[in-house]
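Not measured: the values here are computed from a predicted model. Whatever order the structure lists ligands and atoms in, that order sets their numbers, starting from 1.
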Amino acid sequence: MSTFLISSSLYAFFLILLSQASSGARYQYKSCIPKNCGSGPSISFPFYIQGLQESYCGYPGFVLTCEDSFPILKLPENNFVVEEILYENRSLRLYHAAVLRSEDSCIPRIRNTTLPASQFDYVSFTGLHLFSDCRQPLPNELLTYNVSCKNDWALALFDKDDNLKNAMEKCDRNIVAPVEGYGNNGTVNNLEEVLRRGFVLNWSTSDCSACENSGGRCGFDGTAYHFKCFCPDRPHSNCCVPGKLFLLVISDN
Ligand SMILES: *[C@@H]1O[C@H](CO)[C@@H](O)[C@H](O)[C@H]1NC(C)=O
Ligand SMILES: *[C@@H]1O[C@H](CO)[C@@H](O)[C@H](O)[C@H]1NC(C)=O
Ligand SMILES: *[C@@H]1O[C@H](CO)[C@@H](O)[C@H](O)[C@H]1NC(C)=O
Ligand SMILES: *[C@@H]1O[C@H](CO)[C@@H](O)[C@H](O)[C@H]1NC(C)=O
Ligand SMILES: *[C@@H]1O[C@H](CO)[C@@H](O)[C@H](O)[C@H]1NC(C)=O
């Protein structure tokens, strides 16, 4: 009788422990479900949306915000719209958020961008110099580079252009915008279109595929500073495996 009592209360104790542990774990697994901003790509590890997903669902520094239903990546001095995320290639396509604004000029909104070292690299990069505050009159050879964006204008020259030095001498403001790595030569016909086409960055965080393929959702333990695989039973270090304790209790039943 007493043996039965002890074993049944022990059993109840384990059941409580188990259900508490798994409801906590299920919470992390559930809260890391991919989300989006209303438009744009599905957001999951290493990215997370501030306010919609917990920071442990992503990797430190890979935070996005939603603005007007667009996912925005804030890099030093500039905001970019995340157009596409190729998780399997660990790369993403961005374009400058300045082109979203319909009312005023987009040129003054564009600043020099420095990529956070070790976080992202350019996959395709051509520097497009945007010269503004130019002293009139401009020589004819520079006039052909005149582009406008909304209510403002600048001279747009790719970074290999022979006239770069001329433009630097004539204009006070020189901003380099990353654009797709094509024809780093010639003139830009439509600045908005070139900016809107965007460019591609890659990243190198932990590979999520083993976790995802085993039915888990990737995340990050900020305290231990380590990758986590959130599984329906509990967090694992790499991928989901059948919970042994769980199986034991079930089979004992
Ligand atoms: C992404 O990877 C797939 C297969 O690994 C490849 O076919 C595709 O071209 C890649 N896309 C880009 C943009 O690199
Ligand atoms: C450049 O183009 C804009 C609009 O097209 C125009 O307002 C501006 O005067 C032009 N600048 C020069 C130096 O021609
Ligand atoms: C932007 O970067 C370019 C190239 O590095 C530099 O020449 C220019 O002075 C910078 N502009 C500003 C406003 O810092
Ligand atoms: C620049 O353009 C000219 C004429 O379109 C072409 O002959 C030349 O090869 C190009 N240079 C580069 C570096 O792309
Ligand atoms: C981006 O891809 C290049 C070429 O595959 C690689 O050398 C580089 O390390 C990658 N950068 C990051 C931050 O993952």
Side-chain angles (χ1 to χ4, degrees), residues 45-47 58-64 73-80 82 84-94 96 98-99 101-181 184 186-195 198-209 218 220 227:
F45 185 89
F47 297 94
Y59 200 84
F62 287 73
V63 57
L64 304 179
L73 176 68
K74 293 183 174 170
L75 293 179
E77 308 263 359
N78 293 271
N79 292 351
F80 294 96
V82 178
E84 188 183 19
I85 304 179
L86 296 162
Y87 291 98
E88 69 279 19
N89 302 45
R90 295 189 218 175
S91 61
L92 76 164
R93 178 173 289 277
L94 304 172
H96 207 291
V99 299
R101 308 264 177 169
S102 53
E103 62 286 8
D104 41 24
S105 170
C106 75
I107 290 164
R109 294 181 187 280
I110 299 170
R111 312 255 160 84
N112 278 344
T113 304
T114 319
L115 290 187
S118 78
Q119 190 176 353
F120 296 112
D121 275 332
Y122 290 108
V123 170
S124 55
F125 178 87
T126 297
L128 181 65
H129 289 255
L130 296 174
F131 291 100
S132 52
D133 300 344
C134 304
R135 283 175 299 276
Q136 307 275 15
L138 285 174
N140 281 340
E141 71 266 23
L142 286 183
L143 277 178
T144 56
Y145 298 97
N146 187 5
V147 291
S148 63
C149 190
K150 311 275 155 57
N151 299 313
D152 213 343
W153 65 273
L155 302 178
L157 282 79
F158 289 111
D159 57 11
K160 298 266 165 59
D161 202 288
D162 291 340
N163 277 310
L164 209 58
K165 203 163 158 282
N166 278 343
M168 279 177 187
E169 279 163 6
K170 273 288 187 181
C171 307
D172 290 333
R173 192 168 184 265
N174 170 16
I175 297 299
V176 183
V179 295
E180 188 76 89
N184 45 359
T187 56
V188 170
N189 289 323
N190 185 332
L191 178 62
E192 267 180 79
E193 192 184 288
V194 170
L195 292 174
F199 57 95
V200 178
L201 297 181
N202 65 344
W203 74 80
S204 60
T205 59
S206 328
D207 187 0
C208 178
S209 56
C218 302
F220 196 80
F227 174 82

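The distance from ligand 2 to the heavy atoms of Leu138 drops below 4.0 Å at these ligand atoms: 13 (C). Close contacts between ligand 3 and Ile175 involve ligand atoms 13 (C) [criterion: under 4.0 Å to a heavy atom]. Residue-ligand proximity, Leu143 to ligand 2, at heavy-atom distances under 4.0 Å covers atoms 12 (C), 13 (C), 14 (O).
Not a single protein heavy atom sits closer than 4.0 Å to atom 7 (O) of ligand 5.
Taking all heavy atoms of Leu164, Asn112, Leu130 into account, the minimum distance to atom 12 (C) of ligand 3 is reached by Asn112.
Ranking the protein heavy atoms by distance from atom 14 (O) of ligand 5 puts Ser204 CB, 3.0 Å first. In this structure, atom 3 (C) of ligand 5 lies nearest to the protein heavy atom Asn202 ND2, 3.4 Å. Nearest non-hydrogen protein atom to atom 4 (C) of ligand 2 is Ser148 CB, 4.2 Å. Protein heavy atom at the shortest distance from atom 9 (O) of ligand 2 is Trp153 NE1, 4.4 Å. Protein heavy atom closest to atom 1 (C) of ligand 2, with residue, atom name and distance, is Asn146 ND2, 1.6 Å. Here the heavy atom of the protein found nearest to atom 13 (C) of ligand 5 is Asp121 OD2, 3.5 Å.
Rounding to the nearest 0.5 angstrom, the gap separating the OG atom in Ser148 from the CG atom in Asn190 is 8.0 Å. Once rounded to the nearest 0.5 Å, the distance linking CG of Asn112 with CG of Asn174 reads 7.0 Å.
Asp162 CG: 12 or fewer foreign heavy atoms inside a 6.0 Å radius.
With respect to Tyr145, the side-chain hydrogen bond (donor to acceptor under 3.5 Å, both in side chains) criterion is satisfied by exactly one of Thr187, Asp161, Asn166: Asp161.
In terms of polar-atom proximity, Trp203 is counted as a contact of ligand 5, with an N or O under 3.5 Å from an N or O of the ligand. Backbone and side-chain nitrogen or oxygen atoms of Asn174 are examined, and one is located within less than 3.5 angstrom of a nitrogen or oxygen of ligand 3. When only interatomic distances are considered, the shortest N/O to N/O separation between Gln119 and ligand 5 does not fall below 3.5 Å.
Below 30°, between 30° and 60°, or above 60°: for Phe199 and Tyr122 the angle between ring planes is between 30° and 60°, a tilted geometry.
Residues Ile110 and Leu195 meet the side-chain proximity criterion, which asks for heavy atoms closer than 4.5 Å.
Residues His129 and Phe158 keep their aromatic ring centres 6.0 Å or farther apart.
Scanning all heavy atoms of the two residues, the minimum distance from Phe220 to Gly58 falls at CB-O, 3.1 Å. Closest approach of Leu115 and Leu75 over heavy atoms only: CD2-CD1, 3.8 Å.
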